[in-house]
Protein chains: 4
Amino acid sequence: MSAAPERTPLTDRGRRTREALLSGARSVFEEQGFGATRMNDIATAAGTSHGTVYTYFQTKESVLEAVVQQVIDELLASLQASTAPDPTERVRDANARYLAAYAEHARLLRVVEEAAFSDARFDEVLRQLRSTHTSRVAAAIRRLQAEGAASADLDPAASAAALCAMVEGFARHHRADDHDTLTTLWARALGLSTKE
Amino acid sequence: MSAAPERTPLTDRGRRTREALLSGARSVFEEQGFGATRMNDIATAAGTSHGTVYTYFQTKESVLEAVVQQVIDELLASLQASTAPDPTERVRDANARYLAAYAEHARLLRVVEEAAFSDARFDEVLRQLRSTHTSRVAAAIRRLQAEGAASADLDPAASAAALCAMVEGFARHHRADDHDTLTTLWARALGLSTKE
Amino acid sequence: MSAAPERTPLTDRGRRTREALLSGARSVFEEQGFGATRMNDIATAAGTSHGTVYTYFQTKESVLEAVVQQVIDELLASLQASTAPDPTERVRDANARYLAAYAEHARLLRVVEEAAFSDARFDEVLRQLRSTHTSRVAAAIRRLQAEGAASADLDPAASAAALCAMVEGFARHHRADDHDTLTTLWARALGLSTKE
Amino acid sequence: MSAAPERTPLTDRGRRTREALLSGARSVFEEQGFGATRMNDIATAAGTSHGTVYTYFQTKESVLEAVVQQVIDELLASLQASTAPDPTERVRDANARYLAAYAEHARLLRVVEEAAFSDARFDEVLRQLRSTHTSRVAAAIRRLQAEGAASADLDPAASAAALCAMVEGFARHHRADDHDTLTTLWARALGLSTKE
DNA sequence: CATGAATGAGTCTTCATTCAT
DNA sequence: TATGAATGAAGACTCATTCAT
């Protein structure tokens, strides 16, 4: 009866405020992490009173969810498979883009990971993200195998999982833009026939 | 601010209490995570009263730190380089042991990761752990290269980082004991000359 | 403090809106009680926007006050003294009508009682209601005594108070339409001479 | 896991504090009502910090519940049936005691009524209280009927309900100690044979 | 050493009311 | 008039940490 519905802004002013909140929230989350961020910080960052946050969002989790929603699609879009002709180029390209995308969103992803410790929703978000990406990579591997460009004896799904883990882990812990080693390892692991 | 120094128990009874606390704390942390664990839960799990925890530890973080300390050494010990004669066997062996060790300590490691979000100390712990392991792997790779068993053109440090990331990520997200694919990928990536 | 004066709507549209608000408010109050009702709920029930409520009413209390105003007169009107010739019939008739009226308005009266805990205005409303009704009953008793139909030794005011309390309490707690016992008790208490 | 159990004090100091809280709470509730009472007020009245209230009680409702628990038994005890030989005396006696008990606890009962609007637990408390008392009165009426001292044609349960409602309502609205009228009405309603 | 009581800073959240459009 | 956004006072509750016994 007396709910506090996640309101969708009806006017322009409302839309602007909501945007300001999302953008402010993202900044603050990225700077302070999820747990350390106070609803008040979000309001302040958006230039509103703290009550206004609750006009558009129910809880801190909802805010993060909305922030993430905006980012997820954009993130997945930037991870589309490469169309380079050479397999190794494709891999290099894919890794480069992954590392770039990761670098751009690293801080927010960390926030989501943090939030995942106390809210399963975010676990799911991450699982989805990984699973989508891994599936794409598995498909790419299958394609390479069909073309005879990659070792046929590899399990595509497991390989994809492992290789994605490698890139993600590398991106996370070394945030280097050095993807040469990465590409080489990947290519050799898959037994890519290189043009030379 | 903090009055009582972290005390090392002098009496037998004290030693026993401290052990109970550590063991209880580990259970509770693993079950509930760091943030969700109350000092009270730790005391209860250890069968002591609330205040006793502070006889041995200064803060919740200190408790986790002590728990972790116990585990770290044990963990690193179980990750010593293999002594198998065949390179691929060495890799398989190492991966198997890594996955086993990870599985055994996964929950606690997650707790440390969670705590790392609010306390840099734990970030450091994880970094150390990874770095120690990666160094060892890098050394192993260098050895293989010296023996002519692995591709000489690979950067040992970067490769080690990437391959460790792969195993860690695989262990984390897929907690499978399927290490065949992992070993194959690793071996091929390194260009291991297989005995056949 | 309160800027806008309680306005009487001047246009037709205004009158309709005000009616909708009152009717919606009554429903919501009766369903949820006073404290649990949000201004928002009232607006929603009336099909208006949030802010519109304040065009017609100053506070939540004002809304209830207006709702009650409408009901009070109607309620008192339905409790006019009976004109049946036989005293016992008159009593039975009066009780029946009281119970019926109570049943019809019970929920709203409960709301008023609830509001009375935090706003003396509503205490006064209830006191008035009771006092009006009790006075009428006292007058009726005096009439009966004058006619020699009721025991002359009873204090009319006190008896009326007690008997009204009985009917009200019965209505409140037992919401039965069984008024036989009630009528009998009442008649015997007053020593009504029965026709037989 | 991380519950905040309604703790029973184990030490004397704890017992004293809990008592202080209950007694302070009762005062404050009676003075300000349930809704207007802040946890802080209770703490202050008990001379503790507000956190201490939560050492012993979970919510404001729990505090009231504990306060009421203490009173209920005492209240029911003081409403035991009279042992006077004369029926009318018994009634007078019972009413006198009821009015006295009511007067003593009136304020707290009002608080319970207030709380009942938002918490069904308290509705139940009141229902129980009434029902216990009404049952006793019904039993008393049956006894009188068996002795031939009261009209045999009355339904004891319904009569008890009505008469209890009368006394309660009278006590509530007129808090007079004038119980003469009450006793007379009651006696006549029941057709008590008076000794004269 | 152990116990359990006491503390209070820190946050989220609600919602009546005001205000700009 | 009507709308819907904005405000912010107010209060409940948690829990790490301190302290008296």
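To find a chain, count down the sequence lines: A is the first, B the second, and so on, and within it residues start at 1. From a predicted model like this one, the values you see are computed outputs, not experimental measurements.
When rounded to the nearest whole Å, the span between CG of Leu10(A) and P of dA6(F) equals 12 Å. Atom CZ in Phe57(B) sits about 13 Å away from atom P in dC1(E), given to the nearest Å. Regarding Lys60(D), its NZ atom lies at a distance of 5 Å from the P atom of dA12(F), rounded to whole Å. Protein atom OH of Tyr54(C) is 16 Å distant from nucleotide atom P of dG4(F), rounded to whole Å. Atom-to-atom, CZ of Arg18(A) to C1' of dG4(F) comes out at 16 Å; the value is rounded to the nearest Å. dT21(E) atom C1' lies 14 Å from atom CZ of Arg15(A), rounded to whole Å.
Proximity of a side-chain donor or acceptor of Thr44(C) to a complementary backbone N or O of Asn40(C) within less than 3.5 Å is detected. One N or O on the side chain of Glu114(C) and one on the backbone of Phe34(C) form a donor-acceptor pair closer than 3.5 Å. At distances below 3.5 Å, at least one donor-acceptor pair connects side-chain atoms of Arg38(B) with backbone N or O atoms of Gly35(B).
Of all nucleotides listed (dA5(F), dT1(F), dG4(E)), dA5(F) comes nearest to the side chain of Tyr56(A).
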For Leu126(A) and Val112(A), what are the C-alpha separation, side-chain angles and deciding distance, and is it a side chain to side chain contact (heavy atoms under 4.5 Å, CB included)?
CA-CA 8 Å; Leu126(A) 293 172; Val112(A) 178; 3.7 Å; yes
Distances for protein N or O near nucleotides 7-9 of chain F N or O, under 3.5 Å:
| residue | atom | partner | partner atom | Å |
| --- | --- | --- | --- | --- |
| dT7(F) | OP2 | Ser49(A) | N | 2.8 |
| dT7(F) | OP2 | Thr52(A) | OG1 | 3.0 |
| dA9(F) | N6 | His50(A) | NE2 | 3.1 |

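Side-chain contact check for Leu129(C) versus Leu109(C): some heavy-atom pair is nearer than 4.5 Å. Residues Glu61(D) and Phe122(D) have side chains in contact (heavy-atom distance under 4.5 Å, counting atoms from C-beta outward). Side-chain atoms of Met39(C) and Ile42(C), non-hydrogen and from C-beta on, do get closer than 4.5 Å to each other.
In this structure, a donor-acceptor pair under 3.5 Å is present between the side chains of Ser62(C) and Thr59(C).
Within residues 21-45 of chain D, the residues having any heavy atom under 4.0 Å from DNA chain F are, by residue number, Thr37(D), Arg38(D), Met39(D).
Nucleotide dT3(F) forms a pair with dA20(E), judged by Watson-Crick or G-U wobble geometry with both contacts under 3.5 Å.
Each of Thr17(D) and Asp12(B) has a nearest nucleotide on DNA chain E; the 5'-most of these lies closest to Asp12(B).
Between Arg15(C) and the options Asp12(C), Thr17(C), Thr11(C), a side chain to side chain donor-acceptor pair (under 3.5 Å) holds for only Asp12(C).
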